[in-house]
Amino acid sequence: MNAVIVCKSVSHGNTRKVAEVIGEVLGAKVVDPAEIGPAELAGYDLVGFGSGVRNMDFYPELRKFARALPDGQRGKAFVFNTSGFPEPGFRRYRRNFTATLERKGFEILDSFSCYGYDTFLPLMIVGGVRKGHPDAADLAAARTFAEGLRERIAG
Ligand SMILES: Cc1cc2nc3c(=O)[nH]c(=O)nc-3n(C[C@H](O)[C@H](O)[C@H](O)COP(=O)(O)O)c2cc1C
């Protein structure tokens, strides 16, 4: 399987930690959106898209990258994120991002999310929230997620 993970991780490298674990299982390299051209994705059977969350959305660099992808993508994809809080029902940012990929032609296999240490300024009054995340259990869950993907691709 030829897989790649496009990951934007800014605050603490939280999402990057998750990306590295998934990448290890899938044998996929992890790149920042600035390191790969949208047209290059055509060479991969499986593409992962990972992001932290800021102001209730994926990072703008990753959203811009997804919007710039050529139409008619034929590959399979998955999406993952870390965040300080669960995705709110009134702002389905993961679904919105997934919909962009689907419009481009990707078949979305699955998605994964976990908490990441959150130092959004007002939260620093209490020293931030989700300290230590992604923790060992989060990374184990990411590994299990990736193993599931690998089985589906192989099967
Ligand atoms: C300025 C700022 C804004 C954030 N906004 C949100 C938010 O709207 N919702 C949320 O759940 N987490 C929010 N977070 C928490 C981040 O999504 C979380 O820390 C994430 O793990 C960061 O990933 P990264 O280290 O890979 O960049 C925010 C963090 C910062 C610093």
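Here the structure is a predicted model, which is why all the values come from computation and not from measurement. Counting starts at 1 for both ligands and their atoms, in listed order.
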Check: Leu123 main-chain N/O paired with Asp118 side-chain donor or acceptor under 3.5 Å: no
Taking the basic N atoms (NZ, or NE/NH1/NH2) and the acidic carboxylate oxygens, is any pair closer than 4.0 Å for Arg143 and Glu24? yes
Closer than 4.0 angstrom, basic N to acidic O: yes or no for Asp45 and Lys76? no
Let me check something: do Leu109 and Val47 share a hydrophobic cluster, defined by ILVMFWY side-chain heavy atoms less than 4.5 Å apart, either directly or through other members? no
Pairs of nitrogen or oxygen atoms closer than 3.5 Å, one from Asn55 and one from ligand 1: do any exist? yes
Using a heavy-atom cut-off of under 4.0 Å, does the side chain or the backbone of Tyr117 touch ligand 1, or both, or neither? backbone
Among protein heavy atoms, which lies nearest atom 6 (C) of ligand 1, and at what distance? Val53 O, 3.4 Å
Atom 29 (C) of ligand 1 has as its nearest protein heavy atom Asp118 OD1, 3.4 Å
Name the closest protein heavy atom to atom 25 (O) of ligand 1, giving the residue it belongs to and the distance to 0.1 Å. His12 N, 2.8 Å
State, without any angle test, whether His12 and Thr119 hold a side-chain donor-acceptor pair at a distance under 3.5 Å. yes
What is the nearest protein non-hydrogen atom to atom 3 (C) of ligand 1, stated with its residue, atom name and distance? Phe120 CD1, 3.5 Å
Does an N or O anywhere in Thr15 fall below 3.5 Å from an N or O of ligand 1? yes
Could you identify the single nearest non-hydrogen protein atom to atom 11 (O) of ligand 1 and state the distance to 0.1 Å? Phe85 N, 2.9 Å
Atoms in ligand 1 flagged as close to Met56, the criterion being non-hydrogen separation under 4.0 Å: 7 (C), 8 (O)
Proximity winner for atom 12 (N) of ligand 1, if only heavy atoms of Gly128, Ser113, Gly84 are counted: Gly84
Only heavy atoms count here, so choose which of Pro134, Gly52, Gly13, Ser9 is nearest to atom 26 (O) of ligand 1. Ser9
Near Tyr59 (heavy-atom distance under 4.0 Å), the atoms of ligand 1 are 22 (C), 23 (O), 24 (P), 27 (O)
Looking at ligand 1, does Tyr115 have a heavy atom less than 4.0 Å from it? no
Please determine if Arg152 forms a cation-pi arrangement with Phe78, meaning its NZ or CZ atom is less than 6.0 Å from the six-membered ring centre and no more than 45° off the ring axis. no
Measure from atom 21 (O) of ligand 1 to every heavy atom in Asn81, Thr82, Val18 and give the option owning the shortest one. Thr82
Would you mind running through ligand 1 and noting each atom that sits below 4.0 Å from a heavy atom of Val10? 24 (P), 26 (O), 27 (O)
Should side-chain heavy atoms under 4.5 Å link Ile, Leu, Val, Met, Phe, Trp and Tyr, which residues sit in the same cluster as Val25? none
Is there a nitrogen or oxygen of Asn14 sitting under 3.5 Å from a nitrogen or oxygen of ligand 1? yes
Whether Asp135 side chain and Gly132 backbone form a donor-acceptor pair below 3.5 Å: no
Donor-acceptor pairs under 3.5 Å, side chain of residues 50-58 to any protein atom, not counting sequence neighbours: which ones?
| unit_1 | atom_1 | unit_2 | atom_2 | d |
| --- | --- | --- | --- | --- |
| Ser51 | OG | Tyr59 | N | 2.9 |
| Asp57 | OD2 | Arg91 | NH2 | 3.1 |

When you measure from the side chain of Glu151 to the backbone N and O of Gly148, does any donor-acceptor pair fall under 3.5 Å? no
